[in-house]
Every structure is written in structure tokens, then in C-alpha cells.
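Accompanying notes for the structure given below.
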Amino acid sequence: MKPTTILLKTLQFAATAAGLFAAIAAGLFAAPAAGRVTTVRIDKVEPFAAGQAFGATGPYERVIGIAKGELDPADPRNSGIVGLDRAPRNAAGKVEYETDLFLLRPADPAKGNHHLLFDVLNRGNKVVTNRLNTTTPQNDTNDPATAAQAGDGFLFRRGYTIAWAGWDPDSPKSNNGMTLRIPSLADTEADIRDEFASATRGAPVTRFRLSYEAASLDQTDSKLTRRARAADTPTVVPTAQWEFVDSRTIILRPEGTVPAPGVIYELVYRAKSPWVSGIGFAAERDVAAFLKSNAKDAAGAANPAGGQIRAAIAFGVSQSGRFLRDFVKFGFNQDEASHKVFDGILSHIAGIGGVFLNAPFAQPFRTRTQHEDHAMPENAFPFSAAVSRDPVSGKTGALLRNDRFNPLLIETNTDAEYWQKGAALLATDPAGTRDLALPATTRLFLIAGSQHTGRHGATTAPGPCVNLRNPHDPYPAVRALLVALDEWITTGRPAPASRIPLIADGSLIPAERLQFPALPGFTVAEAPNRIDPPGDWVHPAPGPSPYVALVPAVDADGNDRGGLRLPDIVAPLGTHTGFNLYKAPFPTGELCDRDGSFLAFARSAADRSPGDPRKPLLDRYGTRDRYAALVTAAAQRLVADRLLLAEDAARYVAEAKAPGF
């Protein structure tokens, strides 16, 4: 049989799905069931952290297994999943999937808080325990088991049942990565584009792995190009200078040739057998709904979450935050019984994007930045939870839907998302001319002075960037906002008001108006990443964009004027930004992925570099006691505003009282 050939042009799948899910989200389809978990198989139950007790909650258990489910392609809740109608079916006419499942649950369910915290995986990796429990990078794990990996036990002390389930069929399986097993369309081929760069987002590579199997290993059916920057004209790499190793791997030739650091290589090739990747949305929906609401599976096996869950919160960071934005946009927050799946969502560092998932030949691992993946589908209107008008299509819309299935939504971002991910458009019209009035069920926060990967224990090592990286930790604010979101769900007490830079007060501005101080040896970004309308991602043809992404205004030190300013930004020890730039041999002048910059203040006037306009520490604060008093006052204000936990405020104060500058 001749394979089905499809053309991949635009993000039409997003518009189609949004239209199909409009009626679903309005609650017009109560039956038949959209999908369900049919079987939960638990392979292992064992003590977590050697049975250590976490406050009143007591000890926790690790629960490891799989969940199986099935979807009805004829059900309107699933009809927007691209390719589901062509996927293989079982004898009942349903499409099956199987996902990895992992829980950390109170050993005594009665001592938990009866809330499910569903951590959407990031490239197969668990995130919430590593970030919100204040572990250090050295104790990061994708297989949490020890007391050290529990960090300060914040989530456990609060009694959450924490769950993970795979949603990406191609997420890395190494290092205990969790994945999803779904059908592929064996009779489908298309010309697609893969993009590669070495050493910009990790270690250097010697070969490139393709997103899908090549339909042919004949190099004349493919084209490899290279360019230094996204805006440059690509140069064709002769076939003598590269080859297929197998159907999913290419290398450069002659033997021993390695990719140049930061150079963008692109392969356009004939690919085959795409997964029906949009099933990932339905799998997360069904597993979360089962853990929240069901006592047992179809075979009678008990719900591993204990059957006593009263509310569910979804948490996502970066890629998984973008997943959650699309999850809501496409109407997946309604379960098979027409109940709300997640009562609340906390999305961190997602910017305005979605995830390249519900599409033929999806590549959900992509993340669009100024230098890499720039023409990959990610940013599709609507961007904001507030209603706005799209200047491209002329349509009005919002991320949230006018229905009873919207979750309470908190979105937190750092400066890096304003520079790379268009985060200003979460609260402005697409042209960047006015602030939008957000729905009462939504909160937005810029955690000022932070970079995308900021966390406890981060270093200032520059890596491929020209400036030192920004070590600022945004997660104390995220911890407080999780508590506030939980209280909002449980008691109805609204979360603290949004804290973001605004056009109205001049704290959100075009980058060309940024009055950043001239600092010796410090390179300043000139422009943020451009936000383009969706287009042809296989053969991109950039054109003008009507979308305008503004950036936070700064003070005389280069620190943010607006947003949620944690104590170490209110009383800073240096300049913290959300931008950095590449240094040679990387493409100089391009934004250095999603990294920020840091430049410490001099201790005294004698130590200050010539030309540095910023006050040194001794002139600024006088004594360490005076500095500690300012940090204490800032921390107390944030605790009163429910934007910092008392235990985290105590950490800031203790660090501020350490001797010497």
C-alpha cells in the first residue's frame, strides 16, 4: 500500500482543535465517555526516604507502575486530537495507550491534605520535588528515594499526594525518564524539518538524532544546511560532508568532524510513521481524573492515590507549563463525567507559548528562542487569559474558555520569559499598546531579577554566555503562590493580586527605551526575541510580525522596577537581569538561550571598577546590620502579602545577617 502523504504548512491544527473543543468546553457533551483509564498496574510500593516522617503527615511511600487507557475517536472530546481517527483500534473500536505512573503518597492517607499535586513531566523528568522542596542541583533526581532528595520536605510536610504520568512518546528514557506508549501512523509520510545546535543547551554533541525515522537513507532525498544565526541565509552542506548512520541519526564527515558550537544545522527530509502525539493531552486528563475521582479501575484495582482526593492542582515548569496552557486552551480540563480535572494550575516560566504536540510529526521538545527553534510552532494566539483581538486573523479569543471547566490559574515568569518568550503579551494586547484587564480567576507574576533556570544552588558560571549567569532563586515566590492557590481552591480566599510590569505606570516598555546603566565589561541585549505568527515550519519564510513583546523597565542599578521583588532584589547585592548574550565561538550578539546575567556591586569605592555608576555596598548599606534590616523589612512585607512563606523569610534574614559583605 502506498503511504499517505501529508503536507505540513501551518499551525492549522491549533485553530482546528480550538474550534472543535469549543462545544466540548461549553459542556455540551456529557456522554459518551471521552476516554478512561482501564487498568492501573502497581509494580512496586516501598518506603520513601527510609521511612522518614514529614511533620504531621508522617512517612511517605513510593508507588511505581503503569496506567492503561482507551479513547473513543468518535467522542467530541477527542475529535480534535490530530490523527486519532486514523490510529489503530482495539476490538471495541477504541484507541489504546499506556503510560508510566509514579506517585509519592502519605503512607497513612488520612494524614495527607487530600489534594493531588500533578506534576506534568518536563521531557520525561520530574520537576516539582526538585524545585519546590529546595533541593540543590547536586541532589536533583528523576527517581526520588532518599532523605537528601526530599530537600526541606515542603511538599511532604503539607501533605500532598504527588503524581506523575508520561505524556510524550519520545521523551528520553535514560535516567528514569517517564514516557507514553501510543500508536503511530505507519502509512504516513511527510517532508519535515529537524534543527540541531551543539553546546548551546547542554554538552557538545558528535551526532544528530532525528525526531522521526527517515523514509529513505538516500541523501539526495534530503538536504542539510548550516547557518550561524537564525536570520542568516542557510548554506547547503554537500552530501560528501554528512551521512545517515541509521534512519534516526546523521553525522558530519569526514570522520572526526564535529558540529561547530552554536551553529544551526537543519535537515529537511522525508519522515515516516508519526505518533498520534496529541493523545498525550488525553492521557494526562484521564490519569489525573482517575486519581482524583475514582475508587478503582475497570478491573477492580484500587486507586493508588487512595480514593480520598478532594482537589487537584497541576504544576508545570517551562515545557510542561506550556503543555498546561494548551491543555486548558484546547478544552482538556473536562473529564469523561463532565467534571473539572484540575481545580487549579500553577504554570512557571512558560511565557506565552504552547507545546508542539497536537500535530502530525510533532516535536514537543522544541522551545522557541531568538537563536534556536525560532520557526518552530509554539506561539499561537490567544496568548492571554484575557480576551483580546488578533491582528493577524482578526479573531478575538482568550486562553481561558467561557465555561465551567476553567481552573484557577497562576502563571509565574522570570525576566528571561519577557526577553525570549513574549511574556509581556500575557497581559497586553498583541500590539503591545495597552494593558489588559485579567479575569478574576487568573493571576500573573513577574518574579523580578530572575532567569529561566534560576533556582536554589545555581552558580554564576557563564557557560557559553558573555556575562556571568544570574543565580537568583525565584522559587520562594512559587512556593508561596502554591500555598495561596491551594487556599484559593479550598476556602475561596483569592490569591494575592498580580504583580507584573505595566504599560500604564511605565514599568513595561519597548526594549529600545530601556535605560540600562553602562557597566564596565557587561554586555546589554538590544532586542527581545521576536514573536512571529504561526507559519510554515518546514520551509519557514519570515515576514513582518504585528506582535510586540515589551520588556521590564529597570532602575539605576539595572534591576527590575516592577514585578514581585523578593528580598534579595529589594536589597540587592548586584545587578540581576533576564538576558545574556553568546560569546565567541558561539554566535555573538544573539540572546544566550534563556540565561540571565549578574554583576556584583563592588564592596567599596576603592574596589569599584572605573566607570561603574552603581554605589558600592558600603556606600549603599553602610553596615551589614543595616543591610539585614532592609532584607528583614522586605521579607516581612512579602509574608504579610502572602507572597513569601515565613520559613523562607527566615532563610533570607539568616543569610542577610551572615558576617561581612
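Positions are given from 1, in the same order as the sequence printed here.
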| task | Mind checking the CG-CG spacing from L564 to L643? Nearest 0.5 Å is all I need. | result | 4.5 Å
| said: Nearest 0.5 angstrom please: D415 CG to I447 CD1, how far? | reply: 10.0 Å
| query | Would you call D555-R614 a salt bridge at under 4.0 Å N-O? | reply | no
| field | Closest non-hydrogen atom pair, G454 against Y475 | value | O-CE1, 3.3 Å
| Of the non-hydrogen atoms in T460 and P471, which two are nearest, and what is the gap between them? | CG2-CG, 3.7 Å
| remark: On a heavy-atom basis, the closest approach of L599 and P520 is CD2-O, 4.3 Å
| request: Report yes or no: do T412 and H348 form a side-chain donor-acceptor pair below 3.5 Å? | output: yes
| Is there a side-chain contact between I503 and T428, using heavy atoms and a 4.5 Å cut-off? | yes
| Taking only residues two or more places apart in sequence or in another chain, which ones pass side chain to side chain donor-acceptor pair (under 3.5 Å) with Q451? | T453
| Pi-cation contact, F102 with K126 (under 6.0 Å, within 45°) | yes
| Just checking, is any N or O donor in the side chain of N470 or H576 under 3.5 Å from an acceptor N or O on the other one? | yes
| note | Shortest non-hydrogen pair, H452 vs S318, comes out as NE2-OG, 2.8 Å
| message | salt bridge (Lys or Arg N to Asp or Glu O under 4.0 Å), that's the test. Do R248 and E213 meet it? Break it down for me. | response | CA-CA 5 Å; R248 289 200 68 179; E213 281 193 83; over 6 Å; no
| query | Is there a donor-acceptor contact under 3.5 Å linking the side chains of Y269 and D194? | reply | yes
| Does a side chain donor of either N175 or N142 reach within less than 3.5 Å of an acceptor in the other side chain? | no
| said: Does R479 qualify as a cation-pi partner of F154, given the criterion of NZ or CZ under 6.0 Å from the six-membered ring centre and within 45 degrees of its axis? | reply: yes
| Are side-chain N/O atoms of T523 and K583 paired as donor and acceptor at under 3.5 Å? | no
| message | E378 and salt bridge (Lys or Arg N to Asp or Glu O under 4.0 Å): which single residue from R325, K421, R368, R366 fits? | response | K421
| query | Of all residues at least two apart in sequence or in a different chain, which pass the side chain to side chain donor-acceptor pair (under 3.5 Å) check with T433? | reply | D429
| field | Test log, rule salt bridge (Lys or Arg N to Asp or Glu O under 4.0 Å), inputs K223 and D191 | value | CA-CA 11 Å; K223 182 172 72 172; D191 292 331; over 6 Å; no
| query | Would you call D593-R201 a salt bridge at under 4.0 Å N-O? | reply | yes
| message | Measuring from atom CD1 of I531 to atom CD of Q420, what distance do you get when rounded to the nearest 0.5 angstrom? | response | 8.5 Å
| said: Is it true that T369 and E372 share a donor-acceptor pair across their side chains at a distance under 3.5 Å? | reply: no
| task | Applying salt bridge (Lys or Arg N to Asp or Glu O under 4.0 Å), name anything that partners D143, two or more places apart in sequence or on another chain. | result | R62
| query | With distance as the sole criterion, is a donor-acceptor pair present between the side chains of T249 and D246 under 3.5 Å? | reply | yes
| Full working for ring pair (Phe, Tyr, Trp, His ring centres under 6.0 Å) between F327 and F342 | CA-CA 10 Å; F327 184 91; F342 296 120; 5.6 Å; yes
| query | Which atom names give the shortest non-hydrogen contact between W537 and A375, and what distance separates them? | reply | CB-O, 3.5 Å
